[in-house]
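First the structure, in the form of structure tokens, and then the observations on it.
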Amino acid sequence: MTTPGTRADAEAEDLDVEEALALVKENPGPARSGSGHPGSAHSASPRARGGHGSPAPHHPADSHHRATPWPEARTTAERAARAAARAARRTPVAMPLDAALGLTLAAPLAALTDLPSFDSSAMDGWALAGPGPWTVRDEGVLAGHAEPAPLGDGEAVRIATGARIPPEATAVLRTEHGRTDERGRLHPTREVVHGQDIRPRGQECRSGDQLLPVGTLATPAVLGLAAAAGYDTLTAVPRPRVDVLVLGDELLTEGLPHDGLIRDALGPMLPPWLRALGAEVRAVRRIGDDAKALHRAVTTSDADLILTTGGTAAGPVDHVHPTLRRIGAELLVDGVKVRPGHPMLLARLKDDQHLVGLPGNPLAAVSGLLTLAEPLLRTLAARPAPEPYTLPLRDAVHGHPYDTRLVPVVLREEGAVPLHYNGPAMLRGIAAADALAVVPPGGARPGQEAELLDLPWATGGIGVCFT
């Protein structure tokens, strides 16, 4: 037996992920306006591990010259994801409505029935036939019941919101707009207009009407519309699969730091953040500083994206670069001109598989996540790119002489307010933030407009998928 939703999914011309992605690119999300906007990863390590520690990372002398400008790094990640989608030719999936939140539609949403599918009452009151006063029937009409008996001229019947309108009824009189006399006859207390408070069949849509196009993000309202239109499943772009590899022998998973050991904050933070970016986190593995274990984990993973934490510099236990060289990976981004997070990287392992190496310091890792992982995952998931927007900075922000800075801010009526505790090893600022301000080289003065990167849970959007 065909269930509602399944038939339409089968009849729709489903697109593969690459085609859905292309449609999203042609139809970006709504523009953001600068006005009226509402107003630790690994803790710092005592040694340098791609940003884990206090000593400067031991990069080759030309490492900064090889670094990619921040906007170009994000574009490179998007381009890599589009190439991966072409190579993988991943097939859209039919997802139950309760599992489709945050996915991108890979088939148009067409109505399977008229909405509403019958004439119904928009209010509690009486269904009327002809001019009044009216004789009121004893029995009432409730929602969910079969079609009631027809009304004759001068008749009325009690009716509940959502109930089927009796044949020959001409209007609905709201409860507060009617009164009965001593003989039980119903009189209106204001003028009755033909068809008032009746929702006619097909008022919202007719069967077969396209309700939403390919590329629409499945928000809670989209799920409600799909259910109302008769769907049990939605054909959508599958979530990109991510494996997280946590590096570092100095990391604790519980208790207080002690004896040179520190708490791992990236392990708890990254999976929900990645899910908020539309990914399916399949595994979080703690590798430590073991080159062989890292090699084995990378080469045996079939995830779309492997995410590593720390180990991206050139220290004695920074094994990410040597591992990538050993397996013949192609480095697409090797360092980014951004602070914090300079030693992040993006590598192509296979035509349809990539690795993003995050620095180990907390805010530096967040920077890497939003610079490289976010555009890659968003593109793989065929989500629309957020429209860039700016707000004035309330306070001055010191800048790096040559690199972009990402600074946590809260959004207020007066603009974006920079937060303290924005050092590479700190999470205190980002934990209180609504967004990250993109500060150009040289810094920004008070009142200067700055581009903002919203955090998924601060936008009120669908990104906040923590399950």
Side-chain angles (χ1 to χ4, degrees), residues 1-30 81 84-85 88-113 115 117 204-205 207-242 271-282 303-305 373-386 454 456-457 459-467:
M1 178 177 178
T2 302
T3 59
T6 306
R7 175 174 64 82
D9 290 352
E11 292 177 354
E13 184 180 351
D14 296 349
L15 283 77
D16 66 22
V17 172
E18 181 193 350
E19 292 167 320
L21 192 155
L23 275 170
V24 172
K25 185 175 176 62
E26 293 171 7
N27 300 281
R89 303 294 292 187
R90 292 187 300 158
T91 304
V93 293
M95 299 291 292
L97 295 186
D98 61 1
L101 183 67
L103 300 185
T104 300
L105 299 187
L109 190 73
L112 302 181
T113 182
L115 284 183
S117 56
E204 186 169 1
C205 65
S207 179
D209 286 352
Q210 179 173 306
L211 304 176
L212 296 170
V214 169
T216 300
L217 192 66
T219 63
V222 168
L223 301 183
L225 176 61
Y231 284 80
D232 296 324
T233 63
L234 290 175
T235 299
V237 177
R239 299 180 189 277
R241 301 162 301 163
V242 180
W273 202 318
L274 291 165
R275 285 192 286 269
L277 295 177
E280 173 195 347
V281 180
R282 302 189 319 165
D304 301 301
L305 172 64
E374 186 276 334
L376 190 142
L377 291 171
R378 166 173 39 82
T379 306
L380 283 177
R383 287 186 170 194
D454 281 327
W457 46 87
T459 61
I462 148 78
V464 80
C465 306
F466 290 127
T467 56

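Residue numbers start at 1 and run along the sequence shown.
- Among residues two or more places apart in sequence or in another chain, the side-chain contact (heavy atoms from CB on, under 4.5 Å) test is passed with Val93 by Met95, Pro238.
- Closest of all the heavy-atom pairs between Arg378 and Ala385 is NH1-CB, 3.4 Å.
- Considering every non-hydrogen atom in both Thr219 and Leu101, the closest pair reads C-CD1, 3.8 Å.
- In this structure, the side chain of Thr104 engages the main chain of Ala382 through a donor-acceptor pair within 3.5 Å.
- Among all heavy-atom pairs drawn from Pro240 and Gly278, the shortest one is CD-O, 3.4 Å.
- In this structure Ala84 satisfies the side-chain contact (heavy atoms from CB on, under 4.5 Å) test together with His354, Leu380, sequence neighbours excluded.
- Taking all atoms of both residues into account, the shortest heavy-atom contact from Pro92 to Thr235 is CB-CG2, 3.9 Å.
- Ala110 and Gly208 make their closest contact through CB-O, 4.2 Å (heavy atoms, listed as atom of the first residue, atom of the second, distance).
- Taking all atoms of both residues into account, the shortest heavy-atom contact from Leu97 to Ala226 is CD2-CB, 4.0 Å.
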Just do the side-chain contact (heavy atoms from CB on, under 4.5 Å) check on Leu211 and Leu225 with the steps written out, would you? CA-CA 9 Å; Leu211 304 176; Leu225 176 61; 4.1 Å; yes

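- Proximity of a side-chain donor or acceptor of Arg383 to a complementary backbone N or O of Gly102 within less than 3.5 Å is detected.
- Contact check for Val242 versus Leu377: side-chain heavy atoms found under the 4.5 Å cut-off.
- Between the CG atom of Leu223 and the CG atom of Leu234 there is a distance of 6.5 Å, given to the nearest 0.5 Å.
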